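Notes follow once the structure below has been shown.
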Amino acid sequence: MLNRMPRIWQMYLAALLEQRLVTRARCAFDHALRTLPVTQHHRVWPLYLRLAVLPSCPAETSIRIYRRFLQFDPSCADELVELLVSARRLPKAADHIVLVLNDGSDVSDNDRALLLKLCDLLAKHADEIAGLKMEAFPDGAGRLRALLAECYACTGLNDKARDVLEEGVTTAATAAEFALVFEAYAQLEQSLVTAKMEKTADEEGDRLVTGCWLADSDDSDMCLARQERLLDRRPELLNGVLLRQNPHDVAQWHRRVKLFDKDPARQAATYVEADHRSPAKATGKPHTLWVAFAKMYKAHGCLDSADEVFAKAMQVSHRSADDLATVWCEWAEMKLLHKRFDKAVSLMRQATAEPSAELERRAGAEDDEPAQLKLHKFAKMWSFYVDLEESLGTLASTCAAYEGTMGARAATPQMVINYASFLEEHGYFEDSFAANETGAKLFGHPHSKPIWETYLERFMARHGRSKPERARELFAEAIGRAPPHGKKLLFLRHARYEEEFGSAARAMSVYDEAARSVPASDITSIYEAYAARAAELCGVLKVRQVYEQAIESSGLPRRDALAMCLRLAALEEALGEAARARAVFVHASGYADLDADEEFWTKWSSFELWHDYLLERTAAARAKPPFGEHPANESLNRAFERALAMLNRMPRIWQMYLAALLEQRLVTRARCAFDHALRTLPVTQHHRVWPLYLRLAVLPSCPAETSIRIYRRFLQFDPSCADELVELLVSARRLPKAADHIVLVLNDGSDVSDNDRALLLKLCDLLAKHADEIAGLKMEAFPDGAGRLRALLAECYACTGLNDKARDVLEEGVTTAATAAEFALVFEAYAQLEQSLVTAKMEKTADEEGDRLVTGCWLADSDDSDMCLARQERLLDRRPELLNGVLLRQNPHDVAQWHRRVKLFDKDPARQAATYVEADHRSPAKATGKPHTLWVAFAKMYKAHGCLDSADEVFAKAMQVSHRSADDLATVWCEWAEMKLLHKRFDKAVSLMRQATAEPSAELERRAGAEDDEPAQLKLHKFAKMWSFYVDLEESLGTLASTCAAYEGTMGARAATPQMVINYASFLEEHGYFEDSFAANETGAKLFGHPHSKPIWETYLERFMARHGRSKPERARELFAEAIGRAPPHGKKLLFLRHARYEEEFGSAARAMSVYDEAARSVPASDITSIYEAYAARAAELCGVLKVRQVYEQAIESSGLPRRDALAMCLRLAALEEALGEAARARAVFVHASGYADLDADEEFWTKWSSFEVRHGDEDSFTDMLRIKHTQKHAKPPGFDAHGELKDEKKRCADQLGAPHSKRQRVEKN
């Protein structure tokens, strides 16, 4: 009951310590810390630490206690370290020290002591702490070294500090660690230099040897030299860090060499170290290190050393043969530069020689083939070598070099051409041709192309007329080796050769072979050249033959074939062969496109020509018996297709073509042609096509599915023939499709025709005879669904006098309608049927009654008009209920519709109850609306009829079912409790709320764990709505203890609201429990963040000051500090002002001023002006004018004030100084304020300054004011960056006021 009383806990814990009950005491301490607020933990921890140092307390328990205590007071880390060391947990002690050191940004005395402790542990127990991972902490070992050096420097051990940092910069593993250690090193050296420079002569003291330079203790030059040396070494040290990170970075090794430009020995050592790295892992080009190494020796005149470097480079492994070839070439170029030509040639001979057997044997033992084995086949080496031989060697050596190149298959096409040109220049023509031939065989296309071109050109120039057979063999070989797309130029060159040195017949045969050999992309140009040369060499008949050959070939593209046809037609027309020209046009029409080849159709087009031509071809085909099987039909069909390619808008041509296809019984081809005709012809001409298309549908050879699809398309053109499709479907045994089509037709029409009635009867006949096959008929798939079908069927029954059958059909329709539209349609038909029956009965007269067997007996009366009227009225009365049923069938989870359904049965409680039971069986997750209201309304219905027990049963059932949210369940609980309150059962209401807010049972949690979603019952005990109702009940009906327990339960469940916390505190205060009230406020404030905790803090502070404002000032200040610390920046202003008023009322003026000062530093920029105004106003009242001056100066110097507010502060300070008679200070303030003033916007400022100078200034000061004003006119607008100008103005102000410029000057002045 008193678990919030810290003194009871202290007495209990002290008793347990005296009894040495370690385990029980530990559990009690943990319970106390969980129960008491954090502000009272300081009363528990001293006793808890006494438990940790008991001899009977296990070491692990003591360590855990101290670890928890460090979360409460982190300043006692050294005690945990000592405990870990005494327990021999040395690795944990070291890890904890590193963690503490890395957490803090500033180094305190305690941190230095911990760092020395860590160094001592590392020195004495290196083996046990070997696993210390510095990289697990920020900055790693770098921060450790920086802190250790700082400790040494603070104790005067500068040399030790320097050694630590020197080791750090030379062993840093990352650039970040290096930057941290180097910065500490530079700061150390700078501090030592500064200390030495500030050492004055009067601090030297007496010397043993006066005037002797040995007695001079000033080593400032050495300190400066050491600092400069450190700064000079920075690039080298940083490069070392990067190379330790990646020792295979070639670029970094080159940069390292450049750092030692003036030290060749270090450069050489660096190259040696770099060249020991594995080339396979290198980043960059590792061979450039060898080349640069040799060039360094060459630059210093050490050619022998350069040769040794190159020789060593030839032996080591390289990443590729290209890298090794580059090194060889660089070596040879160095020899050429120093005029050692023979040595250069010898080097290249050595490089291109085949590898030795020893080298091959060693390479066989390795996994990867070394670059030395590939070098003798590398083109780069041979190219350099043959250039050297051609420039410096003999004819024999040069030829040997070229032959070696081709023998090693390392030659390039250009090298082959150069070799042939070299031999030709020296008169060895046959050898030149042999070199070309050998080289051409080395390469494929396109690399061999320039070789063949050069070879053929030079051979024809020398032996064109003398050796024609050899030339033809060369052309044949070149053409045979060339790919298809490379043969065209060779054929044309061969044809020109034959024209020049052979005969026209041979040239024509070359062109003819070319036309058969070149690909389709080149055949057109070949035929054009063929025809042009044939016209010049052989005459017109050969040209006709060429064109006919071109047209008959299958390789020509469409447009080129059409062009050839037009040329041949023009030629035939020129020769007077009109019939041949017309035949060419007819043939060419197969290549022509109607839109793209307008020129062709312009030259040749005629509907009459095609019509007559096709009639002749059709008649000829029909003359061949039988018509459908003769091969001439395919030729006729192709002629029709050529005609339609040009005349596809002519329906008579289409009709002829389609009729021909029907006679040939080509079903598939005819169907495609019909589809093409319908797509091509306009809709207004489709009536010419459809009769033929329907003839196709009824052919015996036409598949049933095709016929059905044709009729479906035809119905889009003429919907009146739906019965034909139905008959077709029935004959094809497609009964479900026939029924579906009938329903679709019936639903499409608005008026019912005789044809519709026939279809409806057909549907009924199908449903009666083939019920099993049409069982899957889905009426809802069509507009109005089964409703329209039932309406039509009822109309058919009514027309035949079967009124009872019609009524049954419509009754079923209104009770099973799926949509409101369908219901409206069926109900309207039902109402019209009843109305028509009533009208018929009312019009029936007495003279139509006839003879009766029993005269005057009422049983013989056949007038049932009253029954018809009653049936009609009953139907109209049922309409709302039936419509509601339709809506609930559409959405059975619509809560609003269930409520409306219940209202329909107001006079029938039994049906209401049945409706509620049916509604409550629906899933709340799918409900539309608030499903819990159905339970509440169900219970209220029983309550309205006086059945309270039944209402309780409904509410009890509602608590067990699932709900969509805890809010819905809470509403049901509250309604149940309110019902109890209305019937004066207060104890039952309170009991219900206790039950609702109790934690869920284990059984409920177990069942909930087996489900996917957490039920609302598990969340109810944390719901604020329940607790609010509960505490109101307890406060109104319960005792003090029960009310407090309810409020405590609310906060324990974290379901309280800020207003509930305030109400709890007020409740305790009303009953005299002030301390408990304050504790409740404090606990509640910690439950919420800003802005929800704001009213709690305001109420707490107000009531605490009202009761303990003067008696407990320290506690009040702690509360203000905590409230301000928890508040966000924009919420601190009012708290600071309230704190300042408290200090003015119960504290001192100095404390109030310090609060204002702290507020000025803490509030955001938007509130700082109002804080300074309040600060100045209270300072004037409490401390006097001097303090006000200080406040204004502080405000002006702060960087947070907006420009206009800073200007206003300056004007107020100037007015204050002027009132005090300090004209010089006021002028300095005006000068400073000019930095904030705008010439146009702040006219008031300039006016006040001008008036001030008129009152207190002279001609010079007024001139200065005008100069500043003129400067502001041409300067930047204020508020951007005027720091430089403001500095000058501040300096000038300081000169006028006689104040020093800086802190150092002020110190020296004092």
Side-chain angles (χ1 to χ4, degrees), residues 379-380 382-383 386-387 390 398-399 401-504 506-530 532-533:
K380 185 176 182 179
W382 285 102
S383 178
V386 296
D387 287 346
E390 196 168 345
T398 305
C399 291
Y402 274 115
E403 290 293 336
T405 305
M406 290 193 287
R409 304 188 69 85
T412 62
Q414 188 59 45
M415 289 171 67
V416 174
I417 296 171
N418 293 344
Y419 182 26
S421 301
F422 177 78
L423 290 171
E424 190 173 352
E425 288 173 2
H426 289 80
Y428 295 92
F429 297 102
E430 293 301 323
D431 293 334
S432 171
F433 297 151
N436 272 316
E437 192 164 350
T438 304
K441 294 177 181 178
L442 290 176
F443 304 99
H445 192 83
H447 305 293
S448 63
K449 182 180 177 182
I451 301 175
W452 279 112
E453 289 177 352
T454 308
Y455 185 15
L456 293 171
E457 182 180 355
R458 290 175 178 173
F459 188 87
M460 286 192 295
R462 185 163 184 82
H463 300 299
R465 193 175 299 278
S466 59
K467 296 182 179 181
E469 295 302 324
R470 176 60 181 155
R472 293 186 183 103
E473 290 177 1
L474 287 178
F475 274 115
E477 184 177 1
I479 292 169
R481 289 181 176 274
H485 61 274
K487 292 182 178 183
K488 171 186 167 183
L489 295 178
L490 292 172
F491 272 118
L492 294 177
R493 183 169 290 183
H494 189 189
R496 287 200 304 272
Y497 169 77
E498 294 294 349
E499 292 177 18
E500 187 175 355
F501 300 108
S503 63
R506 286 186 178 276
M508 294 299 103
S509 65
V510 171
Y511 279 116
D512 192 54
E513 182 183 0
R516 292 193 303 271
S517 304
V518 298
S521 58
D522 297 331
I523 193 170
T524 303
S525 57
I526 287 291
Y527 272 118
E528 289 174 352
Y530 191 3
R533 303 309 300 158

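The residues of the chain are indexed from 1 along the displayed sequence. Computed over heavy atoms, backbone and side chain alike; hydrogens, waters and symmetry mates excluded. The structure displayed is predicted, hence computed values, not measured ones.
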So Val510 and Arg506, do their side chains get closer than 4.5 Å, heavy atoms only? no
Shortest non-hydrogen pair, Asn436 vs Ala420, comes out as ND2-CB, 3.4 Å
Is there a donor-acceptor pair under 3.5 Å between the side chain of Thr454 and the backbone N or O of Pro450? yes
Would you say the side-chain atoms of Asp512 pair up with the backbone N or O of Met508, donor to acceptor, closer than 3.5 Å? no
Closest approach of Pro484 to Pro519 (non-hydrogen atoms, all atoms of both residues): O-CD, 3.1 Å
Would you give the length of the straight line joining atom CZ of Phe491 to atom CG of Asp522, rounded to the nearest 0.5 angstrom? 11.0 Å
Within this structure, what is the CZ-CH2 distance for the pair Phe443 and Trp452, rounded to the nearest 0.5 Å? 13.5 Å
Using the salt bridge (Lys or Arg N to Asp or Glu O under 4.0 Å) criterion, which residues pair with Glu453? Sequence neighbours excluded. none
In terms of heavy-atom contacts, does CZ of Phe429 have more than 12 from other residues, nucleotides or ligands at under 6.0 Å? yes
Examine Arg533 relative to Tyr511 and say whether NZ or CZ is less than 6.0 Å from the centre of the six-membered ring and inside a 45° cone about the ring axis. no
With Arg472, which residues qualify under side chain to side chain donor-acceptor pair (under 3.5 Å), at least two apart? Glu469, Glu498
How long is the span from the CZ atom in Phe433 to the OG1 atom in Thr438, to the nearest 0.5 Å? 13.5 Å
Value for OG (Ser432) from NE2 (His426), rounded to nearest 0.5 Å, stands at 12.0 Å
Provide the full list of salt bridge (Lys or Arg N to Asp or Glu O under 4.0 Å) pairs with a residue in residues 476-491, sequence neighbours left out, each pair given once. Glu477-Arg481
Which atom of Thr412 lies closest to which atom of Ala379, heavy atoms considered: CG2-CB, 4.3 Å
Is the closest side-chain heavy-atom distance between Ile417 and Ile451 below 4.5 Å? yes
Take the angle between the ring planes of Tyr419 and Tyr402 and call it parallel below 30°, perpendicular above 60°, tilted in between. parallel
For Val416 versus Ala435, what's the shortest heavy-atom pair and its separation? CG1-O, 3.8 Å
Is it the case that more than 12 heavy atoms not belonging to His447 sit under 6.0 Å from its NE2 atom? no
Pair listing, salt bridge (Lys or Arg N to Asp or Glu O under 4.0 Å) test, anchored in residues 410-426, at least two apart: Glu424-Arg458
Working to the nearest 0.5 Å, report the span between CG of Leu456 and CZ of Arg493. 6.5 Å
Please work out whether the ring planes of Tyr527 and Tyr530 are parallel, tilted or perpendicular, with thresholds of 30° and 60°. parallel
Correct closest heavy-atom pair for Ala478 and Leu490 would be O-CD1, 3.6 Å
Ignoring hydrogens, what is the shortest heavy-atom contact between Ala410 and Trp382? Give both atom names and the distance. CB-CD1, 3.3 Å
Reported CG-to-CG distance for the pair Leu423 and Asn418, which is rounded to 0.5 angstrom: 11.0 Å
With a 4.5 Å limit on heavy-atom distance, are the side chains of Phe475 and Met460 in contact? yes
Quick one: side chain to side chain contact (heavy atoms under 4.5 Å, CB included) partners of Asp387, sequence neighbours excluded? Ser383
Salt bridge (Lys or Arg N to Asp or Glu O under 4.0 Å) pairs touching residues 403-413, sequence neighbours excluded, are none
